[in-house]
Enquirer: 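Encoded as structure tokens, here's the structure I'll be asking about.
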2 protein chains.
Amino acid sequence: MNGETAVAANRDRPAFGLTTDVVIFTIREDALCVLLVNRSREPFAGVWALPGGFLGPDEALNDGAARVLAEKTGVSGVFLEQLFTFGGPARDPRGRVVSVAYYALVPYNRLDRMAAVEGDRVAWVAVDELPELAFDHGEIVRMAHQRLAAKLDYSTIALQFMPERFTLSELQSVYETILGEQLDKRNFRKRLRTFECIEETGEMFRAGKHRPAKLFRMKQPGTVEIIK
Amino acid sequence: MNGETAVAANRDRPAFGLTTDVVIFTIREDALCVLLVNRSREPFAGVWALPGGFLGPDEALNDGAARVLAEKTGVSGVFLEQLFTFGGPARDPRGRVVSVAYYALVPYNRLDRMAAVEGDRVAWVAVDELPELAFDHGEIVRMAHQRLAAKLDYSTIALQFMPERFTLSELQSVYETILGEQLDKRNFRKRLRTFECIEETGEMFRAGKHRPAKLFRMKQPGTVEIIK
DNA sequence: AAACTTAGTGTCTTTGCGACACTATGTCAA
DNA sequence: TTGACATAGTGTCGCAAAGACACTAAGTTT
């Protein structure tokens, strides 16, 4: 054994491999999508998996997840939260690897340059059209989706998908996409008003051959408030 | 380096120490208490800390937490859930140790034999009278308490503190202790009825010089239901 | 038997949530 | 220029859940 370890390992204190895997969500064409990577190496070569990587010896968990996010998308400063830690003894055939899973939300307008990065090895895939994933990554995505949907009910997390300025119809569409059901326009806007988390910009958004929509912005971008 | 490691460590895959620390809650004398251990060894010798231990090389995370719980309390089969993973690079002066924190709920009647175990080294301490704790354990307890209180609102988790048979007043007292506020008796019972998770046993409980109370039991002991 | 202690019960009001339909304002084509 | 079209924007009513609120019931003790 010739590598460096961050802590001395012995019988009482075994050493573990530690990775952070990140479920990176965005919304594309009215579908909730996650970023997948096609594995080039064994184990699971050729199989789709979550982006992830081994944690650096002096790296905080959050920083490791943020690094994975930045490496794959070039994006930073977006919503990123710890999801759950997966550590079954048999989850990685290489040996004992524990994964601290995170999930991130990326506004759809921040993926412009992503097309360049995308090749055969990286793809955005709708969560309801997932292929078989490597390791236990399918379970991780399910849990992340569930957590995200639950948070819609009691927080303003959906705003983390929005660009700086957006219309109320766009925001409603985000809710509908994540929840997988249609919402009533008037009830949706009534409830939004009670949150008091967005405000009019005074600008209008023109698209297509119809009435323009007011543009809104978050009052406190980057913060997620808990509702009620 | 002469110990066994569960995965080969090298520059790309550093190895980490991995512990499970468990916030063991119970309710004693109308106070929400956690089990603390007085550390006998450095680091933080003489300082109170959460019970915890290094994960075995072939041990699942849940199993490690259950083992810690059983070692300190002799109790098993109670509510035990993963809370959060703490992995700051400087949280343990010995080196890089990542802790997967769990929390457990122990019914107050299952601590009878605990007095024997208790000595200078182990104690139940009310959460609002915590001393300074080792590592980042103070933060872990705060997060666990917050999670527990939040779950009262949307699940039947409080029943996990109850013995097999209990009165409605006892159950209400548990809610009040965790939330830190008084509840209205009639509204409390009305809401309980809608959960449909407990039933009368037909027995009565006599205590003191007053009217006896009906004894109830959970319909499905050991399960926590999500409400609404 | 009177005082004491906790158990147990129902109504009314307020509030949040869901169902529901029409007008407003722009573009485009005839 | 006008009529057709497409999306933006707006308010009421009914119901169900939640909160405020006070008295009677059934034991024990003196």
Side-chain angles (χ1 to χ4, degrees), chain A residues 29-30 149-156 158 162-163 165-217 225-228, chain B residues 29-30 149-156 158 162-163 165-217 225-228:
Chain A
E29 296 160 11
D30 289 334
K151 286 221 168 192
L152 285 195
D153 283 337
Y154 65 89
S155 80
T156 59
M162 307 312 292
R165 284 172 272 187
F166 54 89
T167 70
L168 297 186
S169 293
E170 287 171 332
L171 181 56
Q172 180 173 345
S173 170
V174 167
Y175 274 80
E176 290 173 337
T177 298
I178 298 171
L179 295 174
E181 59 182 341
Q182 300 285 104
L183 301 177
D184 178 86
K185 193 202 286 192
R186 281 170 293 186
N187 292 339
F188 178 76
R189 291 171 183 221
K190 192 200 310 176
R191 193 164 140 76
L192 259 191
R193 243 171 276 138
T194 69
F195 299 167
E196 296 180 344
C197 58
I198 62 175
E199 61 191 2
E200 296 187 15
T201 63
E203 301 160 301
M204 304 294 280
F205 177 71
R206 304 185 136 70
K209 47 178 184 177
H210 54 275
R211 179 175 175 175
K214 291 180 180 176
L215 281 170
F216 290 77
R217 65 171 153 250
E225 294 182 34
I226 304 300
I227 309 286
K228 242 197 75 173
Chain B
E29 297 159 11
D30 289 335
K151 285 221 169 192
L152 285 195
D153 283 336
Y154 66 90
S155 80
T156 59
M162 307 312 291
R165 283 173 273 186
F166 54 88
T167 71
L168 297 185
S169 294
E170 288 170 332
L171 181 56
Q172 180 174 346
S173 170
V174 167
Y175 273 81
E176 290 172 336
T177 298
I178 299 172
L179 294 173
E181 60 181 342
Q182 300 284 105
L183 301 176
D184 178 86
K185 194 202 287 194
R186 283 170 292 187
N187 292 339
F188 177 75
R189 291 172 184 220
K190 191 199 310 175
R191 191 164 141 76
L192 260 190
R193 244 172 277 138
T194 70
F195 299 167
E196 297 180 343
C197 57
I198 63 175
E199 60 192 1
E200 296 188 17
T201 63
E203 301 159 300
M204 303 295 279
F205 177 71
R206 304 186 135 71
K209 47 178 184 178
H210 56 273
R211 176 173 176 176
K214 291 178 180 175
L215 281 170
F216 289 77
R217 66 170 152 249
E225 293 183 34
I226 304 300
I227 310 286
K228 242 198 73 173

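Below, read A as the first sequence line, B as the second, and so on, with proteins coming before strands; counting in each chain starts at 1. Since we're looking at a predicted model, the values are computed, not measured.
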Enquirer: Starting at atom CD of A/E200, determine the distance to atom P of D/dA8, rounded to an integer number of angstrom.
Expert: 15 Å

Enquirer: If we only count heavy atoms from C-beta on, is the A/L168 to A/I198 side-chain gap below 4.5 Å?
Expert: yes

Enquirer: In residues 207-217 of chain A, which ones come under 4.0 Å of DNA chain C, going by heavy atoms?
Expert: A/G208, A/K209, A/H210, A/R211, A/P212

Enquirer: With B/E176, which residues qualify under salt bridge (charged side-chain N to carboxylate O under 4.0 Å, His left out), at least two apart?
Expert: none

Enquirer: Using the test ring pair (Phe, Tyr, Trp, His ring centres under 6.0 Å), find all partners of B/F216 that sit at least two apart in sequence or belong to another chain.
Expert: none

Enquirer: Just to verify, what does B/E225 make a salt bridge (charged side-chain N to carboxylate O under 4.0 Å, His left out) with, not counting sequence neighbours?
Expert: none

Enquirer: Can you sort out the partners of A/R206 under salt bridge (charged side-chain N to carboxylate O under 4.0 Å, His left out), two or more places apart, ordered by chain and number?
Expert: none

Enquirer: Using a 4.0 Å cut-off to any heavy atom of chain B, which nucleotides of DNA chain C are the first and last in contact, reading 5' to 3'?
Expert: C/dT5 to C/dT11

Enquirer: By the ring pair (Phe, Tyr, Trp, His ring centres under 6.0 Å) test, which pairs, at least two apart or in different chains, include something from residues 166-193 of chain A?
Expert: A/Y175-A/F188

Enquirer: Suppose the criterion is salt bridge (Lys or Arg N to Asp or Glu O under 4.0 Å): which pairs have a residue in residues 179-200 of chain B, not counting sequence neighbours?
Expert: B/E199-B/R217, B/E200-B/K214

Enquirer: Mind checking whether A/N187 and A/L183 have side chains closer than 4.5 Å, heavy atoms only?
Expert: no

Enquirer: Could you work out, with side-chain hydrogen bond (donor to acceptor under 3.5 Å, both in side chains) as the rule, every residue matching B/S155, not counting sequence neighbours?
Expert: none

Enquirer: So which of residues 175-195 of chain A are in contact with DNA chain C, with a heavy-atom cut-off of under 4.0 Å?
Expert: A/D184, A/R186, A/N187, A/K190, A/R191

Enquirer: Any side-chain heavy atom of A/L171 sitting closer than 4.5 Å to one from A/L192?
Expert: yes

